[in-house]
J.: 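I have a structure here, written as structure tokens, and I will follow up with some questions on it.
Hydrogens, waters and symmetry mates are skipped; everything else that's a heavy atom, side chains included, is used.
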Amino acid sequence: MTATSFPFSLNTEQERAATQASKHSLVLAGAGSGKTRIITAKIFYLLTTLGLLPSKILAITFTNKAAEEMRSRLLNMIPTLRKNGLNVFTFHAFGLRFLRTHIHWLAPYRPNFSLVDDAVKKTVIKNLVKEHLLKFPEQEHIFNDQATMQLSRFISLCKNRLYFPDNENLTEQVDRFFNFRKKTQKKYFIELYLLYDEQMKDNNSLDFDDLIVLPLRLAYNEASCYRWFENIDYLLVDEYQDTDFAQEKLIELFAKAGAKITAVGDDNQSIYGFRGANVFNILSFQKKYKNVEIYVLEENYRSTGSILALANAVIANNPKQYPKNLFSNGEQGVKPKYFRFERDFDEASWVAKKIAALIAQGENPEEIAIFYRTNYQSRLFEEALLNRSIPYRVVKGMRFYERKEVKETLHYLRFLSNQQDGLAFWAALNFPPRSLGAQSKKIFENILVEKRLMPGELLENHQYVLSKLSSRSAAGFESFYRFTEEFKEKQAKGMSLSESIYFVIQKSGLLAYYEKIKDKHEKDQRLGSLNQFVQSAREFEQRPSEGQQSGQGQQASLVEFLEGILLTGNIDNQKDNSETAKAFVNLLTVHNAKGLEYKHVFVSGLEQYCFPHRLSFSSQAEIEEERRLFYVAVTRAKRHLTLSSVRLRALRSYPEFFETSMFLREISQAFFAAESCKVLSENSYFR
């Protein structure tokens, strides 16, 4: 092996990027162009050709999987390397390693600190809120049920922006970045941030945000810590387009200390703005770092030429980007197909039928994927696949009927259909919170023993129960009792199944609870699932009952509906579906598809205000991110790509008319197969 040869093949542009070591490098690695290979090749070159010590090189990735893959490749190429001698880390793993050595400079922390995950962090914050409200009960209107989530996000954003608790101008910094409707809320959030910081220090504990920002703080303030950064000659960053404010500051610090930066990423795949990722980091690289060489990797090793032609046409409509034109030296392949359906269940039924045909032809289900923009869109596809006995899994997500907001609704429905169901009773009683916590439950349990009652019978003895509770808890129990009584009255007057479920969601307080969520994306997901649940009941009402020829006739009952959910295996009976099946079809959001690839890809729900999502229309930058998301969806397909939209979709529990997505209207029909753009309708339910 010569000094400049590699143990694997590289195309001309890849080799140029891997062997340039005198400048900062921006490697614009288009989808499927081999970005991991570039980073591995450059480390190999630095070690073998330039003779650098492993300790002089640091590679940072976003996932443990990517880091382990790079380590394994390098160890296979250079067997004399020691695994623990390679500096290949995720951002958080790097921070953890650095802080174990240097945190003693940051009193009162000690090197044996504990690292807490997000669940523990939220528990700490929840307890702080409770303690605060014990002292200041009049502030309960500020700290509602979503306070833990809001505070957790507030603290994370403060840290990410380097707004440390002891900053003299912390209040002014918060004023510039956050938009609080209530000044009192801002004041108490800052107070609780300070209390959270004190408690973490008292317990010698760090959260995951600290792993990024505390190395920065130490390097800014301690010369010995800054010298550690000076020891790195080359920093290689994977998925650079996904970096946020603090991560970019960390990269800038390495550059200031003398390291040559190699940033590998694709601005056209920057899709995590809602998590804090800033596409401007990659777009401004050439201005920020002087003496930069740019390499554009356009040869795609994943998809056919026809799929890439469509992908290029999609992303060409984004004005702010580095120009790239993906191409393949492989087969041209069949053109992508597009179909527009009448109804959303027509779309799901047709996709399931096509997948069944593919499997019958010998295709591997693991190479088949259905993409959708939002989680709650999975329901119809789950039901359609189950109806055809096609094993599936929801990748990086939860099945529809396992989602928190849906399960909470099911607790109510189970109890209302069977008041002997004690498990459902306890689950529904205090959610949303009605001041009926552990102390109230002890009182209830004593009454059950004393009166020899079943849990549901507490409602029949509600006057006696009220006499045993505090005034606050009594008000909560009374509201639950009134809710159940009103439900019975409505049922007696002939309330339909879908009306019953909407009544439960609204009158139980679940709807109001989730409408209070501040994060617009989470709020949309939760409310969308509840709306889909109501729509599932409407569809159930329209199905023919056993022995009937149409949906007309006896009213669909709540018990039948609940039994149907269980019998089709959407909850417990199918929980282990993905683990027990030898092969399964993949259902996933487009965000979760990033980094994955499949032979057959179905991208669904391509309607305006669905994809692009309705929450993205507040700015042109958000529309551009949605277009990048569509580009990511298209470039996951290796051989066959099918796009679809519908005229009528029930996103808010009732069907609405939708136009075709602007992203489809931007593309010439020349990129699609001849049989595309037909309106199909299957007149029966999941035939």
Side-chain angles (χ1 to χ4, degrees), residues 1-2 4-20 25-45 66 69-70 73 76-77 238-241 262-269 293-318 321-338 363-364 367-369 593-601 603 628 630-643 667-668 670-674 676:
M1 181 184 293
T2 65
T4 56
S5 64
F6 292 92
F8 45 74
S9 62
L10 296 173
N11 63 39
T12 302
E13 192 72 355
Q14 287 175 331
E15 187 165 348
R16 287 184 62 238
T19 55
Q20 195 283 113
S25 299
L26 176 60
V27 183
L28 297 166
S33 63
K35 64 179 179 55
T36 303
R37 173 170 291 207
I38 282 297
I39 295 176
T40 308
K42 186 151 192 174
I43 295 174
F44 178 85
Y45 175 79
E69 184 179 350
M70 287 182 198
R73 288 188 185 187
N76 287 334
M77 291 187 291
D238 189 19
E239 301 286 10
Y240 182 63
Q241 77 281 349
T262 298
V264 182
D266 182 5
D267 53 306
N268 290 337
Q269 295 186 72
E293 193 75 27
I294 296 180
Y295 303 90
V296 184
L297 306 185
E298 297 174 302
E299 184 173 357
N300 177 284
Y301 297 94
R302 174 191 299 148
S303 306
T304 63
S306 292
I307 292 172
L308 296 178
L310 177 65
N312 290 329
V314 167
I315 205 62
N317 293 284
N318 264 10
Q321 60 167 300
Y322 291 102
K324 286 184 290 295
N325 190 60
L326 296 182
F327 69 92
S328 172
N329 284 320
E331 61 180 297
Q332 188 66 13
V334 297
K335 288 185 176 182
K337 298 174 183 176
Y338 163 62
E363 294 289 347
N364 184 354
E367 283 284 359
I368 304 172
K594 177 75 161 51
L596 303 177
E597 57 183 46
Y598 302 95
K599 184 177 179 181
H600 303 274
V601 169
V603 184
R628 293 195 295 268
F630 181 38
Y631 173 82
V632 166
V634 168
T635 55
R636 300 309 95 193
K638 294 191 288 187
R639 291 293 176 269
H640 298 97
L641 173 66
T642 303
L643 311 177
I667 307 169
S668 167
F671 292 104
F672 293 99
S676 295

J.: Flag yes if more than 12 heavy atoms outside Lys337 fall under 6.0 Å of its NZ atom; otherwise flag no.
T.: no
J.: Have a look at Phe671 and tell me which of Val314, Ile307, Asn312, Leu310 forms a side chain to side chain contact (heavy atoms under 4.5 Å, CB included) with it.
T.: Leu310
J.: Is a side-chain donor or acceptor of Ser306 paired with a backbone partner of Gln332 at a separation under 3.5 angstrom?
T.: yes
J.: Could you check if a side-chain atom of Phe6 sits within less than 4.5 angstrom of a side-chain atom of Glu15, using non-hydrogen atoms only?
T.: yes
J.: Find out whether Glu299 and Phe327 are in side-chain contact, i.e. whether some heavy atom of one side chain is under 4.5 Å from a heavy atom of the other.
T.: yes
J.: First locate atom OH of Tyr295, then atom CG of Leu26, and finally report the distance between them rounded to the nearest 0.5 Å.
T.: 10.5 Å
J.: Using 0.5 Å steps for rounding, measure from the OH atom of Tyr322 to the CD1 atom of Ile294.
T.: 5.0 Å
J.: To the nearest 0.5 Å, what is the distance between CD on Glu69 and CZ on Arg37?
T.: 10.5 Å
J.: Can you tell me how far the CD atom of Glu331 sits from the OG atom of Ser303, to the nearest 0.5 Å?
T.: 10.5 Å
J.: Within this structure, what is the CG-CD distance for the pair Leu308 and Glu298, rounded to the nearest 0.5 Å?
T.: 11.0 Å
J.: Is there side-chain contact between Asn364 and Lys599, with heavy atoms separated by less than 4.5 Å?
T.: no
J.: Any chance you could measure Met77, atom CE, to Ile43, atom CD1, to the nearest 0.5 Å?
T.: 8.0 Å
J.: Between Lys335 and Ala670, is there a donor-acceptor pair closer than 3.5 Å when you use the side chain of the first and the backbone of the second?
T.: yes
J.: Output yes when a side-chain donor or acceptor of Ser328 lies under 3.5 Å from a complementary backbone atom of Gly330, and no otherwise.
T.: yes
J.: To check you understand the geometry: which heavy-atom pair defines the closest contact between Gln20 and Ser25, and what is its length?
T.: NE2-OG, 2.7 Å
J.: Work out which heavy atom in Ala18 is nearest to a heavy atom in Tyr45; give both atom names and the distance.
T.: O-CD2, 3.5 Å
J.: Does any part of the side chain of Arg73, heavy atoms only, come nearer than 4.5 Å to the side chain of Thr36, both counted from C-beta?
T.: yes
J.: Restricting to non-hydrogen atoms, name the atom on Gln241 and the atom on Gly265 that form the minimum distance, rounded to 0.1 Å.
T.: OE1-CA, 3.1 Å
J.: Closest heavy-atom contact between Ala31 and Arg636?
T.: CB-NH2, 3.9 Å
J.: What closest approach, in Å, do Leu297 and Leu326 show between heavy atoms, and which atom pair accounts for it?
T.: O-CD2, 4.5 Å
J.: Start with the C-alpha gap between Asp266 and Lys35, add the side-chain angles, then the distance that decides, and say whether salt bridge (Lys or Arg N to Asp or Glu O under 4.0 Å) holds.
T.: CA-CA 9 Å; Asp266 182 5; Lys35 64 179 179 55; over 6 Å; no
J.: Is there a side-chain contact (heavy atoms from CB on, under 4.5 Å) between Val264 and Lys42? Walk through the geometry before answering.
T.: CA-CA 11 Å; Val264 182; Lys42 186 151 192 174; over 6 Å; no
J.: Can you tell if the side chain of Ile39 reaches within under 4.5 Å of the side chain of Thr262, non-hydrogen atoms only?
T.: no
J.: Within the 4.5 Å heavy-atom criterion, are Tyr338 and Ile667 side-chain neighbours or not?
T.: no
J.: Should Glu239 and Lys594 count as an ion pair when the cut-off is N to O under 4.0 Å?
T.: yes
J.: On a heavy-atom basis, which atom in Ala41 and which in Leu10 lie closest, and how many Å separate them?
T.: CB-CD1, 4.1 Å
J.: Under the rule for salt bridge (charged side-chain N to carboxylate O under 4.0 Å, His left out), what residues qualify as partners of Glu293, not counting sequence neighbours?
T.: Arg16, Lys23
